[in-house]
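Reviewing the structure listed below.
Residue numbers begin at 1 in each chain, while the letters A, B, ... track the order of the sequences. None of these values were measured; they are calculated from a predicted model.
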Amino acid sequence: MSTSMPTDDVAATFRRSFQVLVDRTELPSSQVPTYGLSRPPSRPRYGWALAAGLAVVLLFMGIGLVRNDAPPVQSSQLAGFRAHPSDPGGGMDAIVSGIVEIDQETDCVWLSDPSGARYPVIWPVGTTAQSNPPGIVLTSGQVVVTGDRVEGGGGYIDAAASTDGLGLEPFPAACVQVGDAASFNPGSSITVTPGEGLEVDETLVTRFSPPQPIGLQLIAVNPNGRSVAVVDFVTGTVHQYDPGQYQAPTDAIDGASGGNGFTHLWASGTISSYWPIDSDPLVYQPESLREVQGIAPTLEVLPAPDGDHTWLIQPHFDDQPTLVELVNVVGFELSRVMTTEIDGSWHPVGTNVDGIVLISDEPDLRTLVVGTDGSVLAETPGTALSVGWEGVVVKRPDGSLVVTNTQLGDPVEVDKPSEGEWASVGGPMIPATSPPMRTGTTDYLVQLIDEPGKGVISSGELILVGPSGSARPIYEFAEGSHMASWSPADFWVVVVEDASVALISTSDDSLTPLGELIPESHYVLSAG
Amino acid sequence: MKEAEIWLNCKDDLTRYAGVLVGPSDAEDVVSTVFLRVLDRRRLDDLEDARRYLFRAVLNESKTRRSRGRTVLGLADIPGPPPADPEPEVLEAVLALPLGQRAADFLVYWKDLSVAETATVMGVRPGTVKRYLHLARTKLEGVLNEHVNAD
């Protein structure tokens, strides 16, 4: 019999672990920073850090010379072009490198890195821009054009602060996509490798401007083409990975799920887990793969909220039970935690730390919670629509909605804010059962649909349900494929309607449309 | 409060916080970067709660660095000889926790902040802090139990 660790020991272990980190962290000197700032001395054993720090100080001192005193420097023919107005000496110690892009529509000048992120640029003093043909004229007279690779000393700093501190006009909003700018040092010499082309073009579909970097990814697949699109809300990029740009399953992709940076794709009962998707995957199958002659194995894969564990569900077939397995993929080494069989046909709705929530409609609507040890922890009539951190939202057989605890107990009635029928918001984005979306917070996302006969593609309202039973409409869905899910910090709800993606702030319900980000023939299968 | 006083009052706590988030080696660089950025944009003494603002800025800067580098902290990121306590596997498990969980644990277990205070400092909702704490505890309990049972 195993011994369980008392809770206080866990807290004490956290403190001892943090003590190690705190003890090994050198503290800055008490030297008071001012606008003639002298950065606190750094550690001699990390010379690069010292150099970088001093370089930042020197740059900042330079910034201080013009701060709030110098008039705005007029930009050149390209509205998004910026260059240092003077060279006070010094600078940052990092290397700025990337492919130049000059966008003739917006007049933005960017450096793109391999992830597809675009940074507006502050060029060395003396650099100018020409608009016809569009190019950047270096102090050497060399003209840099779109597709050229450039490299020089500098660093990446907040875009607004970078121009403000130099007395430059702010970058046009369209040019600031990730929040930071690439800033060459004022006196940096730039190495140019002509005509490499945009390395990211092969995979890049489009770019967008999230209101802030949000640790959220949408994963969309083209089931037949095996192409995968990743919508990354940190870099504001949409990448399309075709077979050859990642280790694609050999068969049409059955599904995808994600979370914590993982992308899980599965096809014919074989799962490929990527972190990130262009790295080598961990490939595995359920311990007991149900194979029926002439029928591809059916599988659903759900990451557990801890990011380490993954649930594998093989639904019922004929009179065979539903197979549920829990595996651990941390460190990219597979270990099997538990396998169990459940009589009947069960489909997953979501997971929390207690286990997985499954639903069945044969013969009656039922909801089940299976724990991480394989035991059935709770069962109740009705259909779970959403799984949250502290409970489950269940639609009762009479059509009413309740919020329960994680064991499906202590139901609290939810008042309908408007007419309609309660339904889930997890899909389908393709004509099949879609995997559940991320388990986000203590609140729940459901919808009130207008025409029950049309199912979850009916028009309706997206409703935020609170743990106390409150229900607040936050968005109106048009008829058609749509879904909603949480951002990891729970401050945003991402809404997908066909190809369009929008963010809703949960603090003020404000809507930020981001446009049609989902590539043609791709269907969103995961948000996390 | 003058900016100099704010710096003196916050610098050590901010650097320790950064040390837990990005590792001791990069902590000072994170705090310096944050401080310079903040100073460049506004006067600290204009802020309603500069300390809270700076803590949140350190977390954001740490997230930005992580998302660029896709790095995970490990024992190799701790300078000096291997610590005797806690066990390497346990410390590695703490280092491997996602950034949000490590931040929440540090603020609650080290700084003794309440869940509500931690949520305010991190700029997330209290429910999110509870989730972070629960996930981290579950993870660490598993590692500790393995040790207890192995012994």
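Both the backbone and the side chain of B/Ala136 come within contact range of chain A, each with at least one heavy atom under 4.5 Å from a heavy atom of that chain. Contacts of B/Leu97 with chain A are made by side-chain atoms alone, with heavy-atom separations under 4.5 Å and no backbone atom involved. Of the atoms belonging to B/Val20, heavy atoms from both backbone and side chain fall under 4.5 Å from chain A. Looking at B/Leu140, only its side chain comes within 4.5 Å of chain A, counting heavy atoms on both sides.
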N/O donor to acceptor pairs below 3.5 angstrom from side-chain atoms of residues 17-25 of chain A, sequence neighbours left out:
{"from": "A/Ser17", "atom 1": "OG", "to": "A/Thr13", "atom 2": "O", "distance (Å)": "2.9"}
{"from": "A/Gln19", "atom 1": "NE2", "to": "A/Asp23", "atom 2": "OD1", "distance (Å)": "2.9"}
{"from": "A/Gln19", "atom 1": "NE2", "to": "A/Asp23", "atom 2": "OD2", "distance (Å)": "3.4"}
{"from": "A/Arg24", "atom 1": "NH1", "to": "B/Pro79", "atom 2": "O", "distance (Å)": "2.8"}
{"from": "A/Arg24", "atom 1": "NH1", "to": "B/Pro81", "atom 2": "O", "distance (Å)": "2.7"}
{"from": "A/Arg24", "atom 1": "NH2", "to": "B/Pro81", "atom 2": "O", "distance (Å)": "3.1"}
{"from": "A/Thr25", "atom 1": "OG1", "to": "A/Leu21", "atom 2": "O", "distance (Å)": "2.6"}

The test is side-chain contact (heavy atoms from CB on, under 4.5 Å); show your working for A/Leu27 and B/Arg16 and say whether it passes. CA-CA 8 Å; A/Leu27 300 177; B/Arg16 292 187 185 107; 3.6 Å; yes
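In this structure, the side chain to side chain contact (heavy atoms under 4.5 Å, CB included) partners of B/Thr138, at least two apart in sequence or on a different chain, are B/His134.
When each of B/Tyr109, B/Trp110, B/Phe106 is tested with A/Phe14 by the rule ring pair (Phe, Tyr, Trp, His ring centres under 6.0 Å), just one qualifies, namely B/Tyr109.
Distance check: B/Asp12 CG to A/Glu26 CD gives 12.0 Å after rounding to the nearest 0.5 Å.
Counting heavy-atom pairs under 4.5 Å between each of B/Ala18, B/Gly23, B/Gly19, B/Pro86 and chain A puts B/Pro86 at the top.
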